[in-house]
Structures are given as structure tokens and as C-alpha cells.
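Every chain is numbered from 1, with letters handed out A, B, ... down the list of sequences. Only a predicted model underlies this, so the values are computations on that prediction, with no experimental measurement involved.
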Amino acid sequence: MEMQKTYNPKDFEDRIYADWESAGYFRAEIDENKVPFTIMMPPPNITGQLHMGHAMDATLQDTLIRFKRMQGYSALWLPGCDHASIATEVKIVEKMKEEGLTKADLGREGFLKRAWDWKEQYGNRIMTQQRKMGTSCDWSRQAFTLDEKCSRAVREVFVNLYNKGLIYQGDRIINWCPCCKTALSDAEVEYAEEAGHFWHFRYPAADGTSSVTVATTRPETMLGDTAVAVHPDDERYQSLVGKTLKLPLTDREIPVVADAYVDPAFGTGCVKITPAHDPNDFEVGLRHALPIIRVMNDDGSMNEKAGVYCGLDRYEARKRVVADMEKNGNLVKIEAHTHNVGHCYRCHSTVEPIVSKQWFVKMEPLAKPAIQAVMKNKTSFVPERFSKIYYNWMENVRDWCISRQLWWGHRIPVWYCKDCGKVICEKEDPTACPACGSKNIRQDEDVLDTWFSSALWPFSTLGFPEETEDYKYFYPTDVLVTGYDIIFFWVSRMIFSGIEHTGKVPFRDVLIHGIVRDEQGRKMSKSLGNGIDPLVVIDKYGADSLRLSLLTGVAPGNDTRYSDTKVEACRNFINKLWNAARFVLMNAEGKTIPSIESVKLAPADKWIVSKLQSCIREVTTNLNKYEMGVASDLVMNFVWDDFCDWYIELSKPALYGEDEKRKADALSVLCFVLENALKLLHPFIPFVTEEIYSNLPGTEGSIMISDFPRYNYKSSYKKEAKAFEGVMEIIKAVRAMKKDAECPPSKKVELFVVTENKRLVQLNKDCILKLAGASNLTLVEDASAVQGKTVSAVTELAQIYVPLGELVDIEKERARLTAEIERIDGEIARAESKLSNEQFVSKAPQKLVDAEREKVKKYQGMKEKCLAQLENL
RNA sequence: GGAGGCGUAGCUCAGUUGGUUAGAGCGCUACCUUGACAUGGUAGAGGUCGGAGGUUCGAGCCCUCUCGCGUCCACCA
């Protein structure tokens with residue numbers, strides 16, 4: 001087939017993906033002769049659409065999995081979706097609202113039917129979008145957190161934790177979203193600084209003899225106050241402790257208690273205590289056996305305990321309370337006050353801390369081994385610094401509120417017997433109460449936090465608790481790739497869940513990446529409208545360019561900025577690769593290409609093979625270290641600089657020459673190097689490498705299941721490569737001289753060369769002529785053999801004289817040589833000062849000392865030659 | 001309040017256990033349509049690595065202090 005002059009990804013990306021998929025290359029097979037390598041894809045929400053975060057996540061994982069697959073591992077990348085309990089429910093409710101419907105209208109069953117319909121409609125959208133990225137995941141094992149398999153695992157885990165006493169139900173302060181009308185975990189609350197007020201209220205003593213002043217940011221909660229606290233050592237209030245206060249706006253009297261929680265230096269040193277609506281107050285309340293009076297409904301309105309404020313929205317009640325306090329003279333003052341306010345991470349409403357009966361996971365026993373696992377490197381964070389963030393969270397984690405007052409999710413597997421009150425938690429649905437035999441049992445109405453099932457993802461997807469073949473072979477997984485923003489939500493919980501339920505850490509490494517920001521460094525967000533749609537970028541530049549742009553120059557864990565310019569640069573690179581391939585194929589067409597083993601390698605051949613070998617070695621090392629940015633950089637530089645700019649040009653004298661054997665040999669090397677370069681690049685840019693590979697002579701099958709290149713020491717040709725670089729120096733020197741003398745590049749010049757390695761220069765004469773733009777090269781013994789005015793240069797290998805007649809400017813020549821000598825003197829001085837330092841000579845590694853000595857020798861030789869040339873002028 | 005990150009060329013960023021002359025892309029200058037590629041080639045310019053000390057034969061990298069800018073966690077009512 002004919003390759004177009006310009007790389008056009010639209011011609012083949014979709015076609016190639018479909019070919020891969022239908023060929024079954026994504027499927028991981030259980031093969032005892034292979035070593036498994038497993039990555040679990042972080043399941044995107046079913047409501048989600050592909051964004052740059054996914055694109056980066058997918059690119060990193062796909063690069064790794066393709067690399068490992070080519071290396072011969074049985075590579076499983078398991079994809080799936082998360083039911084995203086609250087996020088999905090919020091969206092469905094919004095949609096229903098447009099139709100004038102509420103959850104109550106539909107009822108639980110009706111609502112769930114809608115939710116499943118929604119899942120059918122949108123659940124695959126993001127999976128389709130992922131395919132555009134080239135993701136080579138095993139779609140045959142695709143999972144969904146609410147499917148039978150995952151639900152089974154959830155049930156198993158819940159019951160086991162319950163039986164161990166690690167899941168309990170209790171009245172605790174939780175974060176309540178009045179909009180979603182559900183409890184949230186601590187992790188699901190986002191704090192943001194807001195300008196608010198500090199209202200100072202006077203609470204008179206019941207006997208009328210005195211009063212205290214308290215301050216609050218939420219005046220409406222005073223209706224639920226059951227005490228005022230002062231510090232036990234606060235001398236100002238010693239006499240008040242034990243006294244009773246009259247709570248304004250109510251008919252209640254509340255005590256003054258002493259509690260060390262109070263900071264005497266802050267505010268008035270008196271704190272109103274509202275156990276039902278504040279986490280700290282709740283604790284104080286427990287210590288002093290205070291009543292808990294909840295004054296707010298689930299929707300954020302005030303309840304009957306709020307007296308005349310009953311039925312008012314929380315903010316309306318706030319205004320009225322303040323107004324009434326002012327009216328009765330108990331409003332002391334109002335201060336401006338900025339403070340952190342918690343918001344629901346899904347609907348962004350202000351959350352209310354509220355006492356509520358919820359289900360919790362007891363964290364302490366689970367957190368301890370999870371911390372140990374990371375400390376003992378059973379699981380390692382990459383970069384390592386993220387383990388500190390993990391420790392910090394794990395060490396301070398509070399019990400995990402797992403019940404949600406939602407319908408879309410795993411229903412809590414607990415039944416209550418209405419007759420005897422027994423709480424039933426079993427792996428199979430009960431039909432009757434095991435205690436009293438009553439059939440009058442009902443299931444808990446709530447569902448589980450969506451992250452409860454996500455926490456089981458690495459093993460629930462493989463069949464746990466069944467000892468399936470997949471589970472035995474692929475678990476534990478090798479690396480988890482995700483952004484730092486969900487370490488708490490997800491990574492931590494997978495680690496302790498894996499340890500608790502499977503006895504093993506769920507993954508060996510956690511590769512943490514940063515986020516993709518916009519061109520100005522801002523976070524991409526819906527509200528800013530600065531998000532870039534990966535699909536639009538793919539449409540414009542192709543998936544390969546986008547992928548490459550998300551990896552190159554990005555250090556693990558660091559944020560990166562998206563920019564069209566960067567994608568364009570990557571596209572240009574691929575275009576370069578494309579045209580290099582076109583060049584090779586054009587020349588190879590219709591020819592028999594000898595195998596690389598049968599070729600007698602020319603110096604330039606050995607040089608490029610040597611470069612290829614070190615590239616293979618370094619790319620492999622860096623990929624194994626998850627240094628994708630470094631690895632892609634290495635291979636790009638190899639292809640562009642070494643292969644295209646040098647080797648292809650070096651091959652031209654042979655290709656266009658008369659010697660058929662040389663021609664065939666050069667073609668063999670070109671094909672060999674190109675094929676290896678394509679393989680090295682394939683994990684990064686799978687589509688275009690596949691497209692080119694399929695056109696390459698001597699290849700069959702897909703590049704994605706070919707062998708990744710292995711470093712071959714015998715082909716490293718280090719010495720030969722080094723020697724050849726001397727030839728390259730000559731070429732560069734001539735180019736620079738011509739440019740300097742304003743000699744037109746198209747004008748062929750004559751070269752006279754003095755060298756001690758005549759053989760090397762002679763052997764590469766054709767290359768020098770071609771690349772330096774010269775017509776003739778004559779080896780001479782010294783400058784006296786050269787007629788007429790010349791420009792000249794000195795390299796380590798040679799002195800070069802170029803007779804340029806009229807173009808030669810003696811003064812310019814003199815200046816250039818003088819500058820060169822100055823530079824060389826600098827180098828010699830630097831090296832000699834090091835060598836004259838006894839400490840350096842005795843303490844530095846011998847290799848470095850020797851290198852310095854070599855350097856002095858080399859530059860002294862060059863300096864002499866420069867001086868001689870200067871003399872000749 | 002605690003933790004962590006960043007500061008390197010005009011811009012965006014790499015720089016892996018300390019070791020030659022600190023790199024890349026974009027941009028910039030000059031020249032070039034040379035039989036793969038102008039989404040290109042050749043030759044260049046451009047950095048006292050935020051600042052100050054210290055350790056070391058040797059510091060962009062390690063230690064201390066300091067300045068500036070993001071981030072996460074906790075939170076005083």
C-alpha cells in the first residue's frame with residue numbers, strides 16, 4: 001500500500017482498533033508458562049464522560065500494559081464502571097425534576113428501573129470513548145460495581161466485617177447533605193473558606209444574677225443547645241460552673257459545664273454546646289451526659305424541637321433567630337468572620353453535621369495493618385512521597401460512615417425482625433427471623449457508600465470470594481495507576497480491604513499521577529468551562545499525538561498543562577517517523593532484504609545499532625521504573641536525532657550508489673532499526689506504529705503482540721560508535737565552516753583532511769561528502785599540501801582545510817581560531833585545576849580522574865593544531 | 001495549625017543513588033524547497049538552576065535558614 005506524504009491518523013486509528021479487538025489481542029489468557037501482569041482500571045462513573053484526567057490515566061496504563069504484554073507477560077488490564085451511587089442518583093433526580101417527578105412519585109422500584117435504564121443508556125458511553133484512546137484492556141472481563149459478581153463480594157465482605165464486629169450501627173455525628181438527603185463520609189465533604197459572621201449572644205443565668213456571652217457561626221443551632229462550656233481552669237468562670245442558664249428563645253434551662261475542650265483564649269472563653277449539630281459538641285455532650293436535641297429535619301428545615309421556628313429553612317431560621325435575639329436584647333455584637341464550610345462533593349450544598357443513626361466501619365483495626373503494609377513496602381507508592389499523605393490519613397482516620405439514604409447502590413444486607421427486634425445480617429437473604437421464626441422482617445432501607453464496593457475492585461472483579469482461576473492467577477495485581485485526588489477515597493480503602501479480606505495487599509505498586517491543567521495552569525472544571533475534550537483533540541491530531549503529549553516531559557506525580565502546541569509537537573514527531581518509514585519503504589520496495597545477521601556492518605551501521613542498543617536498554621529501565629516521560633523522551637530523541645537526522649542521511653550514499661551488496665546491507669540496517677524503533681514506540685503511540693509495522697517488509701502479525709526489543713550486549717559496539725562520532729565531528733565542522741564563510745549550502749566544496757586515522761576517514765568518505773556538502777575529499781600529510789586560501793577547523797580526529805577562494809576572510813579565520821584556542825584553554829585549565837587538587841585525585845573515582853587526564857591530552861593535541869593553523873595564516 | 005509540592009533558557013517543563021561543558025519542546029536569529037518529511041533541514045543565540053549559609057575533592061540534586069506561588073489535611077465554637 002502506498003503511504004501518504006503526510007501522516008493522517010484518521011485514515012487508520014479506528015480501523016486498527018477494531019482489528020485488534022476482533023483479533024482478541026486484548027484478552028489476557030491464563031497461561032502457566034507466562035508471568036501474569038495485572039492492572040485494574042480505575043472504574044469511571046457510569047455518568048461520566050471522557051475527560052483529560054481519564055486520558056492521562058488511560059495513556060499511562062495502556063503504555064505499561066502494552067510494554068508488559070510485548071515483554072511476554074500475560075497482561076491483564078481489566079476495565080469497568082462504577083455505579084457511582086450518589087453522583088448517578090443526583091443526576092437522575094435532576095432529570096426527573098425536569099419531568100416534574102420526584103423519587104417519592106416513582107417509589108423505590110420505579111426509581112431503580114430508571115437508574116438501570118440510565119446505566120444501559122450511558123454506561124457504555126465512556127467505554128466507547130476509551131477505545132478512541134487506544135486502550136488495550138480486556139473488554140471480555142469488563143465489570144460493573146453493581147453487577148452480580150461485585151455485589152456478591154460486597155455481601156461477603158459486609159457480613160464478615162459485621163460478624164467480626166467491625167461494622168456497627170450507631171447514633172453519631174455525621175455529615176448530612178440536606179440536598180441529597182443522605183449521610184456522607186468525611187472524605188466526601190469538601191471544605192471551602194467562606195465569609196460569614198460571628199454572632200455573639202448573651203445567655204442570662206437562670207437566677208438573673210449574671211450572664212455569659214457565647215459566639216456562634218450558626219445561630220439557628222442555639223435552639224438545640226444543651227449546655228454552655230468553659231475551661232475548668234478559667235478563673236473568670238469558676239463561679240458559674242454548675243449554674244443554670246436560661247436559653248433565650250426557648251423555655252429550656254441549660255447548665256454551665258467545665259470541659260478542657262474549650263480554649264479560654266479564644267472568643268469569650270464560653271462555648272455553646274449543641275451535641276446534635278456539632279462533632280466537638282457531641283463529644284462534650286457524651287462526657288457530661290448532656291441531652292441531644294436535634295432541631296433540624298433531613299431537608300435542612302427546622303423541626304418541631306425548634307419551637308416557633310419549626311418549618312423554616314435553616315437560613316431563614318438563622319435570620320429570625322438573630323432578629324429575635326436582637327429584639328430581646330441578647331445580641332451582643334456581630335463580627336465579620338471567614339471560616340471553612342463543608343460542602344457536599346456532589347451537589348456542593350453546605351453540609352450539616354447532624355446526629356443520625358448510621359452504619360459505620362470501625363477503622364482502627366483495619367488501618368493498622370494497612371499502614372504496616374506500606375511501611376514494609378508490600379505496597380509502594382510511586383513517587384514515594386505519597387506514602388506520607390497516605391500515612392497521615394490512615395493514622396488519623398475516623399470510623400467510616402458507610403450508609404447512605406439513597407436507592408441506587410448495594411442495599412445494606414441487614415434485616416430487622418419486627419417481632420423480636422433481632423438484627424439479621426447474613427450472606428443469603430433471610431426469609432424468617434432466625435431467633436423467633438417470625439416472617440415479619442424488613443430490610444434496612446439504606447444503601448452502601450459507593451466507595452465500599454470500589455474498595456473491593458481489585459478482587460471482586462476477579463471473582464472473589466470464589467477461588468476462581470482468574471483470582472488465583474491474576475491477584476494480587478501489579479500496579480494501580482491513579483491520580484492523587486483519590487488516595488483517600490479509594491487507594492487507602494483498597495489497601496485495607498485487600499489485606500482484611502484476601503490476606504494480601506491488592507497491588508505491589510501505586511503509581512500516582514498529577515492532574516491535567518489548562519494552558520494557564522488552572523484546574524479544568526465545569527464551572528470555569530475551561531475543560532478540553534480529549535475526543536476533540538483526537539479528532540484534530542489523532543490519539544497517538546494526544547497520548548504522547550500527556551506523557552513526555554511529565555514527571556511522576558506532577559501536574560501538567562495541556563497545550564495544543566505540545567500536541568502539535570508530538571504530531572510533528574509522528575509525522576517525522578511516518579516519513580522516515582516512507583523513506584525506508586520506498587527504497588525497500590521490491591527488494592529482498594537480507595537479515596541483519598548476514599550484513600557486514602559499515603561504521604555508520606555500527607554506530608546506529610549501538611545507539612539503538614543503548615536506547616533499548618534505557619527505555620526498558622525507565623518503563624520498569626514508571627518513568628514514562630523519560631522513556632518517551634529517549635526514544636523520540638533516538639528516532640528524530642540519531643535515526644532521521646543522521647542515519648538516514650548516512651545511508652543515502654549506499655542506497656544511491658552502485659554497490660548492490662552495500663545497498664542491500666544498508667536497507668537491512670534501515671529496516672532493522674526502524675522495526676525496533678517502532679516496537680519501542682508502540683506502547684506510547686500504538687496506532688501509527690501498527691500502521692507502519694504492517695507495511696514493513698519481513699514483519700507479520702500485529703506489533704502489539706510482537707516481542708519488545710531486548711538489549712544485546714554483543715551489538716553495543718561502544719568503541720566503534722565512539723570512533724564514528726569522530727567522523728560526525730568532521731561533518732559538523734565543515735557545515736559550520738561553510739555557514740560561517742557564507743558559502744551557500746548548495747555549493748559543493750573540496751576538503752583536505754589531515755588525520756592520524758586515515759582508514760576511518762577513507763572508509764566514510766562518501767558519508768562525509770554527502771552530509772557535509774562536499775565534492776571531494778583528499779587526505780594530506782599537512783597543510784602545506786593545500787593550495788590557495790582556506791578556512792580550517794580542528795577536531796579531535798582531524799584538521800580540515802576548505803579552499804574557499806574569495807569567500808575566505810583571513811581576519812575572520814584568525815578570530816575563529818583564536819576563539820577556539822581560548823575555549824580549549826578554558827577546558828584545559830578546568831581539567832588541570834581538578835587534577836592539581838590532591839583531594840580530587842585521591843578521593844574521586846579513578847574513572848573520573850582518568851577521564852580528566854584524557855581530556856587534557858585531547859585538548860592539548862587540538863590546541864597545538866590550532867596554533868599551527870593560526871601560524872599558517 | 002500540620003504535611004507535602006513547586007521556583008532551572010523568553011514560555012512550558014525534564015534533570016533517576018551528588019561526578020565531564022545543566023537538557024528538551026515551543027519561541028527567537030541566519031541560511032536552505034539538497035531525490036522521506038517545510039508538520040522539514042543546517043548553523044546559532046539564550047540559563048551565576050529563587051536567595052543566603054553549610055557538608056563534600058566535587059552540589060541544580062544532600063543539610064539549615066530564608067523569600068515567593070500552588071496543593072492536601074485538620075480546624076476555635
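With both ends at atom P, the span from B/rG51 to B/rA9 equals 11 Å, rounded to whole Å. As rounded to the nearest Å, B/rA77 and B/rC13 have C1' atoms that lie 46 Å from one another. Comparing the P positions of B/rU16 and B/rG5 gives an interatomic distance of 15 Å, to the nearest angstrom. Taking the P atom of each, B/rA14 and B/rC57 are spaced 33 Å apart, rounded to whole Å. The same atom, P, is picked in B/rG54 and in B/rC75; the two are 43 Å apart, to the nearest Å. The same atom, P, is picked in B/rU39 and in B/rU20; the two are 38 Å apart, to the nearest Å. For the C1' atoms, the distance linking B/rU34 with B/rG50 amounts to 47 Å, nearest Å. For the C1' atom pair drawn from B/rU12 and B/rG27, the interatomic distance equals 11 Å after rounding to whole Å.
A donor-acceptor contact under 3.5 angstrom links the side-chain atoms of A/Lys576 to the base of B/rC37. A donor-acceptor contact under 3.5 Å is formed by the side chain of A/Asn340 with the base of B/rC75. No N or O donor and acceptor, one from the side chain of A/Tyr562 and one from the base of B/rU12, sit under 3.5 Å apart. Judged by distance alone, with hydrogens and angles left aside, A/Lys739 brings a side-chain donor or acceptor within reach of the base of B/rA30, the pair sitting under 3.5 Å. Under 3.5 Å, the side chain of A/Lys625 and the base of B/rU16 form at least one donor-acceptor pair of N or O atoms. Side-chain N/O atoms of A/Glu627 and base N/O atoms of B/rA14 include no donor-acceptor pair closer than 3.5 Å.
Listed nucleotides: B/rG15, B/rA77, B/rA43. Nearest to the side chain of A/Ala736: B/rA43. Of the listed nucleotides (B/rG19, B/rA38, B/rC31), B/rC31 has the atom at the smallest distance from the side chain of A/Pro745. Among the nucleotides B/rC73, B/rC57, B/rU39, the one closest to any side-chain atom of A/Thr6 is B/rU39. Comparing atom distances between the A/Asn579 side chain and each of B/rA36, B/rU21, B/rU42 picks out B/rA36 as nearest. Listed nucleotides: B/rC73, B/rU21, B/rA77. Nearest to the side chain of A/Asn392: B/rC73. Here the nucleotide nearest the side chain of A/Asn575, chosen from B/rA36, B/rC37, B/rG25, is B/rC37. Each of B/rU39, B/rA14, B/rC57 was ranked by its minimum atom distance to the side chain of A/Asn572; first place goes to B/rU39. When each of B/rA77, B/rG70, B/rU12 is scored by its nearest atom to the side-chain atoms of A/Val271, the top-ranked nucleotide is B/rA77. Closest contact between the side chain of A/Leu848 and the listed nucleotides B/rG19, B/rA77, B/rC73 involves B/rG19. Comparing B/rG25, B/rU21, B/rG44 by their closest approach to the side chain of A/Lys855 singles out B/rU21.
In terms of heavy atoms, A/Ala666 sits closest to A/Ala654 at CB-CB, 3.9 Å. Contact record, A/Gly483 with A/Ile512: C-CG2, 4.2 Å, taken as the closest heavy-atom pair. In terms of heavy-atom proximity, A/Gly514 sits nearest to A/Met56 at O-SD, 3.7 Å. Contact between A/Asp278 and A/Asp281 at its shortest, heavy atoms only, is OD1-N, 3.0 Å. When all heavy atoms of A/Asn377 and A/Ser380 are compared, the pair lying nearest together is OD1-OG, 3.3 Å.
A/Asn637 and A/Asp642 form no side-chain donor-acceptor contact under 3.5 Å, judged by distance and modelled atom types alone.
Atom CD of A/Glu395 has more than 12 heavy atoms from other residues, nucleotides or ligands within 6.0 Å.
Aromatic ring pairs are classed by plane angle as parallel below 30°, tilted from 30° to 60° and perpendicular above 60°; the pair A/Tyr345 and A/Phe489 is parallel.
Contacts of A/Glu838 with the nucleic acid, taken as non-hydrogen atoms under 4.0 Å apart, are absent. Within the 4.0 angstrom heavy-atom criterion, base atoms lie near A/Tyr656. Counting non-hydrogen atoms under 4.0 angstrom, A/Cys270 reaches nothing in the nucleic acid. Using a 4.0 Å heavy-atom distance criterion, A/Asp278 is classed as making no nucleic acid contact. In this structure, A/Ala555 reaches the sugar-phosphate backbone alone: every heavy-atom distance under 4.0 Å involves primed, P, OP1 or OP2 atoms, never a base. Using a 4.0 Å heavy-atom distance criterion, A/Pro845 is classed as a base contact. Using a 4.0 Å heavy-atom criterion, one finds that A/Trp640 contacts the sugar-phosphate atoms exclusively. Contact annotation for A/Lys770: no contact, since no heavy-atom pair falls under 4.0 Å across all strands. Using a 4.0 Å heavy-atom criterion, one finds that A/His277 contacts no nucleic acid atom at all. Within the 4.0 angstrom heavy-atom criterion, no nucleotide atom of any strand lies near A/Gly629.
Partner assigned to B/rG58 is none, using Watson-Crick or G-U wobble distances below 3.5 angstrom. Nucleotide B/rC26 forms a Watson-Crick or G-U wobble pair with B/rG10, both donor-acceptor distances falling under 3.5 Å. The partner of B/rU64 is B/rA52, judged by Watson-Crick or G-U wobble contacts that both fall below 3.5 Å. In this entry B/rU33 has no Watson-Crick or G-U wobble partner, no candidate having both defining distances under 3.5 Å.
A sub-4.0 Å separation between OP1 or OP2 of B/rU39 and a side-chain N or O of A/Arg571 is absent.
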